Amino acid sequence: MKVKLITVGKTRQRYISEGLTEYLKKLGHYLKFEYIEIPDVAAGNAQVETEGKKILARISPDDFVVLLDEGGQEYSSVEFSRFLQKKMNAGTKCMVMLIGGPFGFSNDVIARGDMKLSFSKMTFNHEMIRIFVLEQLYRAHTIIKGEPYHHA
């Protein structure tokens with residue numbers, strides 16, 4: 001199964017870019033992965049809609065789309081690994097994980113989503129959550145493979 005992470009806005013903080021680079025290298029051993037940054041859109045009335053159109057242009061009709069949202073389903077790391085394993089076993093070709101901009105997702109993106117996933121009831125910075133997503137994908141794959149990274 002291929003996984004795409006689509007985010008809105010550039011990664012501006014150097015330490016976050018370094019963390020992303022590190023986890024992208026690690027993930028390459030486990031799955032096909034694509035990291036896509038949608039350029040920032042100037043603030044205004046149509047900002048969320050414009051971002052939404054750019055996001056939707058990167059999603060295929062058969063993709064399983066996961067919206068990162070504070071109101072979404074919460075999993076432990078082990079539960080998340082089981083969720084990924086079920087998606088792989090079901091023959092899902094591509095799972096797309098979306099991190100919206102500061103004002104969230106357009107209604108069209110929300111309608112296209114297959115599920116909402118929350119990493120916490122807390123709200124995280126849109127750059128920081130990128131590293132969290134990559135780390136949890138890495139952790140999930142080490143759990144699936146029975147490797148010692150995750151200490152239960």
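No experiment lies behind these values; they were computed from the predicted model shown.
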Steps toward side chain to side chain contact (heavy atoms under 4.5 Å, CB included) verdict (Ile144, Met88)
CA-CA 11 Å; Ile144 290 167; Met88 289 185 274; 3.5 Å; yes
Contacts of Glu147 meeting side chain to side chain donor-acceptor pair (under 3.5 Å) (sequence neighbours excluded), chain-then-number -> Tyr30
NZ on Lys32 to NZ on Lys2, rounded to 0.5 Å:
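With rounding to 0.5 Å, NZ (Lys2) is 8.0 Å from NZ (Lys32).
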Nearest-0.5 Å distance, CG of residue Leu24 to CD of residue Glu34:
11.0 Å
Could you go through residues 57-75 and list every donor-acceptor pair under 3.5 Å that involves a side-chain atom there, pairing it with any protein atom two or more places apart or in another chain?
from	atom 1	to	atom 2	distance (Å)
Asp63	OD2	Ser60	N	2.8
Asp69	OD1	Gly71	N	2.7
Glu70	OE1	Thr123	OG1	2.6

Co-membership, hydrophobic cluster, residues [X] and [Y], 4.5 Å side-chain:
X     : Y      : result
Phe80 : Tyr23  : yes
Tyr15 : Ile129 : yes
Val8  : Ile36  : yes
Ile6  : Leu117 : no

Decide yes or no on side chain to side chain contact (heavy atoms under 4.5 Å, CB included) for Arg112 and Asp114, but give the supporting numbers first.
CA-CA 7 Å; Arg112 176 58 184 88; Asp114 294 299; 3.4 Å; yes
Please list, chain by chain and in numerical order, all residues satisfying side-chain contact (heavy atoms from CB on, under 4.5 Å) with [X], sequence neighbours excluded.
X     : result
Thr50 : Val41, Ala46, Lys54
Asn89 : Gln85
Lys10 : Arg12, Glu37
Leu20 : Thr11, Ile16, Tyr35, Arg130, Ile131, Leu134

Identify, with sequence neighbours excluded, every residue that meets ring-ring contact (aromatic ring centres under 6.0 Å, His included) alongside Tyr149.
Tyr138
Any residue meeting ring-ring contact (aromatic ring centres under 6.0 Å, His included) with Phe124, in chain and number order, not counting sequence neighbours
Phe132
Tell me, please, whether Phe83 has Lys86 positioned over its six-membered ring: NZ or CZ under 6.0 Å from the ring centre and within 45 degrees of its axis?
no
Side-chain donor-acceptor distances from residues 93-108 under 3.5 Å, at least two apart:
from	atom 1	to	atom 2	distance (Å)
Ser106	OG	Val109	N	3.2

With [X] via salt bridge (charged side-chain N to carboxylate O under 4.0 Å, His left out) - residues at least two apart:
X      : answer
Glu22  : none
Glu18  : Arg14
Glu127 : none

CA sep, side-chain torsions, deciding dist, call: Phe33, Leu137, side chain to side chain contact (heavy atoms under 4.5 Å, CB included):
CA-CA 10 Å; Phe33 189 85; Leu137 284 167; 3.6 Å; yes
For the residue pair Ser81 and Ile143, what are the closest heavy atoms and their distance?
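Scanning both residues, the minimum pair turns out to be OG-CG2, 3.3 Å.
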For Lys53, does the NZ atom have more than 12 heavy-atom neighbours from other residues, nucleotides or ligands under 6.0 Å away?
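At most 12 heavy atoms, drawn from other residues, nucleotides or ligands, come within 6.0 Å of this atom.
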